Structures are given as structure tokens and as C-alpha cells.
Amino acid sequence: MPEKAELRIGNETIDLEVLEGSEGERALDIAELRSKTGFITMDPGYANTGSCESSICFINGEEGILRYRGYPIEQIADQCSFIETSYLLVYGELPNKEQLDNFRESIRYHTMLHEDFRLFYRALPKDAHPMAACSAACAALATFYPDSLDPRDSREIEISVHRLMAKLPTIASYAYNHSVGQPFMSPDNRLSYVGNLLHMLFATPCEPFEVDPVVEKALDLLFILHADHEQNCSTSTVRLVGSSHVNLFAAISAGINALWGPRHGGANQEVIEMLQAIAEEGITGKDFVERAKSRDDTSRLMGFGHRVYKNFDPRAKIIKKACFDVLQRLGVHSKLLEIAVELEELALKDEYFVERKLYPNVDFYSGVIYNAIGTPANMFTVMFAIGRLPGWIAQWNEMHQHKHKIGRPRQIYQGPTARDVTAIEGR
Ligand code: SDX
């Protein structure tokens, strides 16, 4: 018999069923609250509101735990590839060798973009932010593949999923190629998923290009760590837009736009610009931390704080370690990393951050690696999007695999009460 909670409003008392998850999280089921009481709940930012039941990703923010389909992120980061992790998120189980090879081959088969996409990019200004180009190009995929748009047809979904996984790196690379005035580099399907991306980003038709295995492994790790994260802003966007039964490409395009925001995935670009500004202004980390605490200053310690993690973001720990490893292997000295470490040390001892439980999040150190491997700052969030794509797809799929309503929140109206229009002469 499910546990019940009682809600008393005036002389009325109603029972609310208690929902319990596999990790012991509990929720009040308020699906009938308005019909039984006339009341709705209010929770701006949805900090206390569950939008769905999900079996994909689990976070314990107090203990700094992150698992994909039950597997701890530390083990996945250590033992799996990004494509293997993508298969796990999308299909629910780690693939065997045959399943992984088939998945990898199917994605390889779809890496090219229609030739007309070159015209699409040429229409954009050179300084177009790559996130704008990527969200637009992703939505435009629906115009090239009208045969696989029905979210209720499992075969069409399968084709769209593989097309999107395959084409987002090409879409991202074309956006970068266009921004630096270089020719669009076609995929080289002899390379790995990440190797192909590096090739399309940094190779030119006139020079041989060798993928650096250290860079390839670092980027693969970063994509794994970004792959999914419960109902974050962009994933919730993909679900909400997807709940109207629009095609996958359109829902993912919406997710890319949500991720672009500086409070969300755009923070990784903000972090590196923050570190560069500190270095260029010649101010100390302490000076900047004081600014980030001041109500009179809009500066924030970007890459710090999280809605769910009130302890260390486990991804930040792994990325910080990878920073030192990658930079050492590349023989790169990073002043930005030194500043980041100083800021972290200062903030973790500062009452302002301690009492607000503000710790480094996934974005705090990732930019140091992206920067060290030659990625321009305006491509950092694009990298986040490539990493997050399998998570968005998995969450969109999970929604469509279950009965679901169109997302349509309520509101409490605070505007003018009923009044009559007066003729313009009398206004
Ligand atoms: C991601 O949700 C996810 O899972 C997201 C993500 C994912 O994988 O999908 O993990 C990826 O988006 C990580 C977060 C990246 N964003 C940033 O690093 C931007 C900087 N951080 C913040 O803007 C903020 O911490 C948020 C947006 C991340 C969280 O915001 P909340 O939970 O709504 O908290 P809040 O803005 O209400 O802040 C609470 C207090 C405030 O102070 P008071 O008003 O109580 O005095 O903490 C302060 C804030 O001013 N605060 C900060 C701060 N973050 C919060 N002060 C200085 N620097 C910061 N970074």
C-alpha cells in the first residue's frame, strides 16, 4: 500500500500519494491537487518539483554522486568510451562488442551533411556564434530528412538518433570552419568519433593532419562527463518541446539554445574569459573573489555553484585531475589553470561560498582543457552540446516510450482584474 501524506486546507483534508524512487527519493503526487482543492503549487525554477520519473541518470547532490543507468561516473570515465557511454544512455545497457561495433559503424555511415548545407553556413556572418549556427543547422536537418520525423515511429526515431549523433560533430565543425574562413572539412570515417571531430575542426586540405591521441582521449573523457545530468535546464527544454510531438531535430535544437545560456552550458566560455580577464587585468584571485561576493558587482565566480550539487560536482574532480594530466602530456604550462586553482582554494575557504554551498561545477576546469587543445572559447559550449547530445536523446526517447502529457505549467495571475476598453479618444 503506497504511503500517503495528508494536506489540510482550512477544514478540508486530502490524501496525497507518496511516490518513492529506487534510490529512496520521495515525492508528493499532486496530479489531482487542483481538481480536489482548486489550489496549484508555486515553485519558480522548479527547485522542488519533479517533472517526470526517469531511469537514465541519478544525482545525489549532497553526497556528490552521479550515475548513468546505475553505473558511477568515475567507473564510466575510467573504463568506457564516449560512444559506449552514448549507447548505454540511449539503450539502457552497456553494449557488447558486436552491439558497440554496429552502433559505431551506423554512426560513421551518417557523418556527412547534404552539400546544400554549405550554402546555409555561407549565409551566416563570419562572427556568428557557433551555438546559433548549430541550433539552426540542427533544426534544419528536419528539412533534409522529412522521412524520419515521426516521434511515434520507432524505426524513424532510430534513424534520426543515428543521423543526429553522426552529424552534430560535422555541424559543429562547419560552424567553426566558416567562422575562421577555412574550407569545410568533410568527415574522414577511418577515424574515431572524436578523432573525426578533431580532424574536421583543425585539419586543412593542404596539410597532413595527425590526431593527437592525448587530445583525442581528453576530449572523449570530457564528452563522457557531459553526457547526461537529470532534468537540467536544457534537458527539461528538450522534454518540454518534445512533449508537443515535434520531431527530434527541433527538440534538440531547442536544447542547444537553452544550453547556450551563461547560467548553464555557456558558463564554460564565461569561465575561461573570467580567467583570461584576471590574467590580463593583473588582478589577484582574491580581488576577483571579493568582486564575485559583492552585491554591487554583477561578477560571479563562473563555474561555481549548482542547483543540485551542494557538495563537490564529481565531474569537476575528474576534469581537474585530467587538466594536470593532459597539460603535462602536451607539455603546456597554463597560467589559466594556476588562476583557477587559486580561485578554488580561496572560495572553498571563504564563508560566502561555504555557507551557500558553492563548489566548482563541471564548467570550472573544462575550459582549461579545451583551451589547451586549441579550441576557441566560443566553441566550448558547442563541445558541451556534443557531449550532452546522447543524454538529450535518451531523455527524449524515454518520454516518448511512456504515456506523457504535453507540458503546460499553470500560473498565478497578478495582473489587472476585469476592466472595459475605453475608446482611444478617451485614453
Ligand atoms: C551547468 O542543472 C544542471 O545539472 C546543470 C549542469 C549540467 O550538467 O547540465 O550541471 C551544467 O549548467 C552547471 C552550472 C554552470 N553555471 C555557472 O557556473 C554559472 C555560475 N553559477 C550560478 O549562476 C548558479 O550557481 C547556478 C545558476 C549554477 C545555480 O543557481 P541557483 O541554484 O538558482 O542559485 P542562486 O542563483 O539562487 O544562488 C544562490 C546564492 C545567491 O546568493 P544570495 O542571493 O543567497 O545572497 O548563491 C549565490 C547567489 O548570488 N551564487 C553565487 C554563484 N552562484 C550562486 N555567487 C557568486 N558566484 C557564483 N557562481
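For ligands, and for the atoms within them, numbers begin at 1 and follow the listed sequence. This one's a predicted model, so the numbers in the text were calculated from it and none came from an experiment.
Because its NZ or CZ atom is both nearer than 6.0 Å to the ring centre of Tyr352 and within 45° of the ring axis, Arg356 counts as a cation-pi partner of that residue.
The side-chain hydrogen bond (donor to acceptor under 3.5 Å, both in side chains) analysis of residues 302-311, with sequence neighbours excluded, yields the pairs His229-Tyr309. The stretch residues 285-303 participates, sequence neighbours left out, in these side-chain hydrogen bond (donor to acceptor under 3.5 Å, both in side chains) pairs: Glu281-Arg291, Thr284-Asp287, Lys286-Glu290, Glu290-Lys293, Lys293-Asp350, Asp297-Ser299.
At a cut-off of 3.5 Å, with distance as the only test, a side-chain donor of His264 or Ser234 sits close to an acceptor on the other residue. Ser81 and Asp220 share no side-chain donor-acceptor pair at under 3.5 Å.
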Name each donor-acceptor pair under 3.5 Å that joins a side chain in residues 375-391 to protein atoms two or more places apart or in another chain, with its distance.
residue	atom	partner	partner atom	Å
Thr375	OG1	Tyr370	O	3.1
Thr381	OG1	Gly265	O	3.4
Thr381	OG1	Asn268	OD1	3.0
Arg388	NE	His226	O	2.6
Arg388	NH1	Asn232	OD1	3.4
Arg388	NH2	His226	O	3.2

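For ligand 1, the protein residues within 4.0 angstrom (heavy atoms only) are His229, Asn232, Pro262, Arg263, His264, Ala267, Ala292, Arg295, Arg300, Leu301, Met302, Gly303, Phe304, Gly305, His306, Arg307, Arg315, Tyr352, Arg356, Leu358, Asn361, Asp363, Phe384, Arg388.
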